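Just below is one structure, and these are the notes that go with it.
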Protein chains: 2
Amino acid sequence: MMSSSQAAPRRHTRQREAIVRVIQASRGPLAVNDILERAQREHDGLGIATVYRTLKLLLEDGTVRQVILPSGETRYEMSGLGHHHHFQCRRCGEVVDLDVCPVAVLTGTTLAGGYTVEGHELTLYGVCPSCQE
Amino acid sequence: MMSSSQAAPRRHTRQREAIVRVIQASRGPLAVNDILERAQREHDGLGIATVYRTLKLLLEDGTVRQVILPSGETRYEMSGLGHHHHFQCRRCGEVVDLDVCPVAVLTGTTLAGGYTVEGHELTLYGVCPSCQE
DNA sequence: CTAAATGCAAAATCTTTGCAGCCTC
DNA sequence: GAGGCTGCAAAGATTTTGCATTTAG
């Protein structure tokens, strides 16, 4: 017999397409308001509730990943970008993906005290090139 | 002439003493509810608003530091613990301070792309000794 | 056509604030 | 005593949910 819990068919709407496009086009994770504002350029009248609902679906999907920065800002990025970390500019606040991982502990390492490391999250802070001049 | 904005004299109350004692006694950063529950053992009737108000003062003081984990949990620890990072157990959720810094970038380093690094936040995840057995 | 998706507004959660009484100093 | 401090409950801020309507398939 079939599974009794069928996932409801997922529909294609302008709103959802706009939201995904916006996230894909970014070089780093975006805040909900960034997503709302950018997606509204494509689809005026888009409501914040739709953004939240779509993000929730995309999270369950695994399409999107939530990134909470040490400052508490919640952002969203495409998943499947591979292991990477983030850099936030202290002046303009923008967050970009880093392709380096400057963390020297490996999964499986056991630290003094008996803590077994399985993963890590790192955020670097500093000044981005645009804000340097 | 004198400064026109005098800081109000800070009073010693049982509530505040209990809150600070609780934070000092911890081996890692505590959530607001942890602080509330533990401080209520010393001072029953303590209200959540007092905890928030006291934490705010202690933050302004510089006595206490706010730690927001990648999961979004907000916690508080004594400041002046020096440079350190955190380890969170994926089973029990407890967070402890680490005395190691496994991050290989130094302040002042410039990454490819021109990003100047000034600081970093790192959280390790894994299993704590108590949850290993 | 049917049922999922949307937008609005109300609800829920976490944190802050207003206020009357309480407690340091 | 005077004024800061507390606890309660109401107010804010952010995220979630209910509902009537719209719209994809």
Side-chain angles (χ1 to χ4, degrees), chain A residues 4-23 29-61 63-77 93, chain B residues 3-23 29-61 63-77 93 95:
Chain A
S4 56
S5 59
Q6 286 291 345
R10 196 63 58 78
R11 284 186 185 168
H12 249 226
T13 64
R14 292 180 175 201
Q15 291 90 332
R16 289 185 178 175
E17 286 172 354
I19 289 166
V20 171
R21 238 192 318 273
V22 161
I23 299 171
L30 295 175
V32 170
N33 274 328
D34 297 329
I35 297 169
L36 177 66
E37 287 168 17
R38 296 181 194 190
Q40 280 179 333
R41 287 179 209 151
E42 286 190 45
H43 183 96
D44 197 23
L46 174 65
I48 186 84
T50 297
V51 175
Y52 277 111
R53 273 187 286 233
T54 300
L55 287 173
K56 194 180 178 197
L57 286 176
L58 296 172
L59 284 169
E60 289 166 357
D61 259 358
T63 304
V64 150
R65 211 176 76 85
Q66 194 175 51
V67 177
I68 299 177
L69 299 173
S71 63
E73 289 173 81
T74 301
R75 293 175 173 243
Y76 296 86
E77 67 181 9
Chain B
S3 162
S4 56
S5 60
Q6 287 291 346
R10 194 64 58 79
R11 284 185 186 167
H12 249 227
T13 64
R14 291 180 176 204
Q15 289 92 329
R16 291 185 177 175
E17 286 172 355
I19 289 166
V20 172
R21 239 193 317 273
V22 162
I23 299 171
L30 295 176
V32 171
N33 274 327
D34 296 330
I35 297 169
L36 178 66
E37 287 168 18
R38 296 181 194 191
Q40 280 179 333
R41 286 179 210 151
E42 286 190 45
H43 183 98
D44 197 23
L46 174 65
I48 187 83
T50 298
V51 175
Y52 278 110
R53 273 189 285 234
T54 301
L55 287 173
K56 193 180 178 196
L57 286 176
L58 295 173
L59 284 169
E60 290 166 357
D61 258 359
T63 304
V64 150
R65 210 175 76 85
Q66 193 175 50
V67 177
I68 300 178
L69 299 173
S71 63
E73 289 172 81
T74 301
R75 291 174 175 247
Y76 296 86
E77 66 181 8
V95 179

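Only a predicted model underlies this, so the values are computations on that prediction, with no experimental measurement involved. Just so we're on the same page: letters track the sequence lines, and every chain starts at 1.
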For B:Glu42, salt bridge (charged side-chain N to carboxylate O under 4.0 Å, His left out) partners two or more places apart | B:Arg21

Atom-pair distance (NE2 on A:His43; C1' on C:dA5), nearest Å = 11 Å

So does A:Arg75 pair up with A:Glu73, basic N to acidic O under 4.0 Å?
-> yes

Using atom CZ of B:Arg75 as one end and atom C1' of C:dC14 as the other, report the distance to the nearest whole Å.
-> 16 Å

Given C:dC23, is OP1 or OP2 found less than 4.0 Å from the side-chain N or O atoms of B:Gln15?
-> no

Grab the N/O contacts between the protein and nucleotides 16-18 of chain C below 3.5 Å, and write none if there aren't any.
from   : atom 1 : to      : atom 2 : distance (Å)
C:dG18 : O6     : B:Arg53 : NH1    : 3.1

Show the atom names and distances, to 0.1 Å, of all donor-acceptor pairs under 3.5 Å that link a side chain in residues 51-58 of chain A to residues at least two apart or in another chain.
from    : atom 1 : to      : atom 2 : distance (Å)
A:Thr54 : OG1    : A:Thr50 : O      : 2.8

Can you tell me how far the CG atom of A:Leu30 sits from the CD1 atom of A:Ile23, to the nearest 0.5 Å?
-> 7.0 Å

Name the atoms and distances for all side-chain donor-acceptor pairs under 3.5 Å in residues 11-19 of chain A, with sequence neighbours left out.
from    : atom 1 : to      : atom 2 : distance (Å)
A:His12 : ND1    : A:Glu17 : OE2    : 2.8
A:Thr13 : OG1    : A:Arg16 : N      : 3.2
A:Gln15 : NE2    : A:His43 : NE2    : 3.4
A:Arg16 : NH1    : A:Arg11 : O      : 3.4

To the nearest angstrom, the CG-P distance between A:Leu46 and C:dA5 comes to 15 Å

Quick one: A:Ile19 CD1 to C:dA5 P, roughly how many Å, whole number?
-> 12 Å

Send over the distance from B:Asn33 CG to C:dC14 P, rounded to a whole Å.
-> 8 Å

Nearest heavy-atom neighbours spanning A:Gln66 and A:Leu59 = N-CD2, 3.6 Å

Tightest non-hydrogen contact, residues A:Ala39 and A:Leu46, listed as CB-CD2, 3.5 Å

Measure from CG on B:Leu55 to P on C:dC14 and round the result to the nearest Å.
-> 16 Å

Could you give the CD-to-C1' distance, from A:Gln40 to C:dT6, as a whole number of Å?
-> 13 Å

Any chance you could lay out the side chain to side chain contact (heavy atoms under 4.5 Å, CB included) test for A:Val32 and A:Thr74, step after step, and finish with the verdict?
-> CA-CA 8 Å; A:Val32 170; A:Thr74 301; 5.8 Å; no

In whole angstrom, give the distance that lies between atom CG of A:Leu36 and atom P of D:dA13.
-> 17 Å

The complete set of side-chain hydrogen bond (donor to acceptor under 3.5 Å, both in side chains) pairs with one or both residues in residues 30-41 of chain B, sequence neighbours excluded, reads none

N/O-N/O pairs, protein side and nucleotides 23-25 of chain D side, under 3.5 Å:
from   : atom 1 : to      : atom 2 : distance (Å)
D:dA24 : O3'    : A:His12 : O      : 3.4
D:dA24 : N3     : A:Arg11 : NH1    : 3.4
D:dG25 : OP1    : A:His12 : N      : 3.1

